[in-house]
Structure formats: structure tokens, C-alpha cells
Amino acid sequence: MIRAGRPEDASAIAAIWNVIIRETNQTFTTAQKDPATLAVQIAQQPYFVACEGGVLVGFVTWSQFRAGPGYAHTQEHSIHIAEGARGRGLGRALMTRAEAEAKAAGHHSMIAGVAGENAGGAAFHAAIGYREIARLPEVGWKFGHWHDLVLMQKML
């Protein structure tokens with residue numbers, strides 16, 4: 001089931017996100033998500049969650065790609081699925097909903113920032129219509145070395 005995220009989902013979202021922050025380079029941040037801060041964010045920007053058997057197993061959120069009014073119609077998303085729930089179409093379902101909602105809100109394109117070493121993330125985005133538009137070498141520092149960032153884009 002895909003539904004709108006609610007502030008009370010913050011702990012479950014943080015649990016998924018924090019594993020990825022701690023253990024992978026899928027995101028270059030090292031600052032873990034605080035559920036209280038995340039609850040406020042969920043109330044202020046779009047979040048959609050995937051649930052199976054009443055358990056939250058994935059989420060997608062998006063916000064403006066860069067600051068300033070000229071970027072108002074370009075959004076950047078974050079999507080994460082709990083490890084045990086991957087490979088069952090939840091990511092595709094979340095992105096379908098996110099893209100439809102973003103388009104209905106008047107947005108023109110969606111950006112994915114994918115770690116250069118995250119071949120699975122790049123393949124996922126390519127399979128749902130994103131194309132690589134830029135590769136930024138050595139812009140992320142995590143786990144003691146530099147990482148490339150691949151920007152992928154889909155017109156809505």
C-alpha cells in the first residue's frame with residue numbers, strides 16, 4: 001500500500017534512512033535523521049510511504065532542487081526501501097506516485113542524485129525513465145574516500 005506520509009511515521013522512516021546513512025554511501029551525509037526533526041519535515045514537504053502488512057518498508061520525498069525561484073519547477077527526490085523489502089516493485093510504485101503528485105503540483109522535472117558506486121540505484125532510475133545528465137567527480141566524502149555523484153533527470 002502506498003499512502004501519504006504522516007508525522008507519526010518519522011521513527012520508521014528514520015530507522016530505514018539511518019541504516020543507509022550509517023552503512024552505505026548511497027547518501028554522502030553522516031548525520032543521522034532525528035525522528036522529532038523528521039516529523040516536522042514530514043508535515044512541511046511531500047512524503048509517501050510504502051507499507052506491507054501494516055509495516056512501513058519504504059519512503060520517497062522530494063523538494064526543490066536548488067534554492068531560488070528559477071528552480072521552483074525542478075525537484076530532487078530521495079527514495080529508500082528497507083533491505084528486506086527490495087526487489088518487489090515498491091520503489092517503482094513510490095516513484096510513480098511521487099512523479100504524479102509532483103507533476104500535478106506543476107513541477108516540470110525530477111532529479112535523482114545517485115552515488116557513482118551505486119550501480120543498483122542508477123539501474124533502478126534508468127528503468128523508470130531517468131537518464132544520466134551529469135557526473136560530478138569526487139564531490140562526496142564518506143568512509144575515508146571521495147565518491148562521484150551522478151545526476152539523473154526525468155521530465156514529468
Side-chain angles (χ1 to χ4, degrees), residues 2-7 9-10 12-50 56 58-82 90-156:
I2 306 298
R3 65 167 172 78
R6 302 183 291 250
D9 296 324
I13 291 171
I16 292 168
W17 217 335
N18 286 339
V19 169
I20 291 163
I21 290 168
R22 281 191 314 269
E23 299 176 10
T24 78
N25 67 354
Q26 291 176 16
T27 177
F28 300 152
T29 189
T30 57
Q32 293 195 57
K33 301 296 180 178
D34 169 64
T37 303
L38 198 52
V40 172
Q41 187 181 47
I42 292 167
Q44 296 174 341
Q45 76 183 58
Y47 271 80
F48 284 89
V49 298
L56 193 151
F59 70 93
V60 63
T61 185
W62 63 95
S63 59
Q64 189 169 311
F65 173 61
R66 294 185 72 184
Y71 294 102
H73 301 289
T74 299
Q75 302 294 295
E76 181 175 8
H77 70 270
S78 292
I79 181 168
H80 296 293
I81 307 295
L90 297 172
R92 183 179 293 269
L94 281 167
M95 287 306 301
T96 297
R97 181 71 181 269
E99 291 165 2
E101 295 284 337
K103 183 175 181 177
H107 300 301
H108 178 65
S109 72
M110 187 77 80
I111 302 289
V114 181
E117 297 171 17
N118 185 359
F124 166 76
H125 283 89
I128 61 170
Y130 285 73
R131 65 180 186 84
E132 184 174 328
I133 56 169
R135 180 174 290 266
L136 307 174
E138 299 183 5
V139 296
W141 177 261
K142 191 171 184 182
F143 301 137
H145 66 278
W146 293 105
H147 301 274
D148 294 353
L149 177 66
V150 176
L151 295 180
M152 300 179 78
Q153 181 180 35
K154 182 176 183 179
M155 297 303 176
L156 302 174

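What's counted below: heavy atoms across the whole structure, side chains too, no hydrogens, waters or symmetry copies.
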**Request:** Would you confirm whether Asn18, through its side chain, and Ala14, through its main-chain N or O, come within 3.5 Å as a donor-acceptor pair?
**Result:** yes
**Item:** Trp17/Phe59 aromatic ring centres below 6.0 Å
**Value:** yes
**Prompt:** Step by step, would you call Tyr47 with Leu38 a side-chain contact (heavy atoms from CB on, under 4.5 Å)?
**Reply:** CA-CA 11 Å; Tyr47 271 80; Leu38 198 52; 3.4 Å; yes
Student check: side-chain heavy atoms of [X] and [Y] closer than 4.5 Å:
X: Gln44; Y: Ile42; value: no
X: Thr61; Y: His77; value: no
X: His80; Y: Gln26; value: yes
X: His108; Y: Leu156; value: no
X: Met152; Y: Ile111; value: no
X: Arg3; Y: Val49; value: yes
X: Ile13; Y: Lys33; value: no
X: Glu76; Y: Met110; value: no

**Prompt:** Taking atom types as modelled and ignoring hydrogens, do the side chains of Arg22 and Gln32 form a donor-acceptor contact shorter than 3.5 angstrom?
**Reply:** yes
**Message:** Can you confirm whether the side chains of His147 and Glu117 place a donor and an acceptor under 3.5 Å from each other?
**Reply:** yes
**Request:** Could you pull out the closest heavy-atom pair between Trp62 and Ala98, with the gap in Å?
**Result:** CZ3-CB, 3.4 Å
**Complete:** Looking only at heavy atoms, the pair that brings Ala122 and Val114 closest together is N-CG1, 3.7 Å
**Prompt:** Do Phe28 and Phe143 pass the side-chain contact (heavy atoms from CB on, under 4.5 Å) test, and can you show the C-alpha distance, the side-chain angles, and the key distance before you say yes or no?
**Reply:** CA-CA 9 Å; Phe28 300 152; Phe143 301 137; over 6 Å; no
**Message:** Taking salt bridge (charged side-chain N to carboxylate O under 4.0 Å, His left out) as the definition, give me every residue that meets it alongside Arg135, ordered by chain and number, with sequence neighbours left out.
**Reply:** Glu132, Asp148
**Message:** Using the salt bridge (charged side-chain N to carboxylate O under 4.0 Å, His left out) criterion, which residues pair with Glu101? Sequence neighbours excluded.
**Reply:** Arg97
**Prompt:** Is atom NE2 of His73 surrounded by more than 12 heavy atoms (other residues, nucleotides or ligands) closer than 6.0 Å?
**Reply:** no
**Message:** Under the rule for side chain to side chain donor-acceptor pair (under 3.5 Å), what residues qualify as partners of Glu99, not counting sequence neighbours?
**Reply:** Tyr130, Lys154
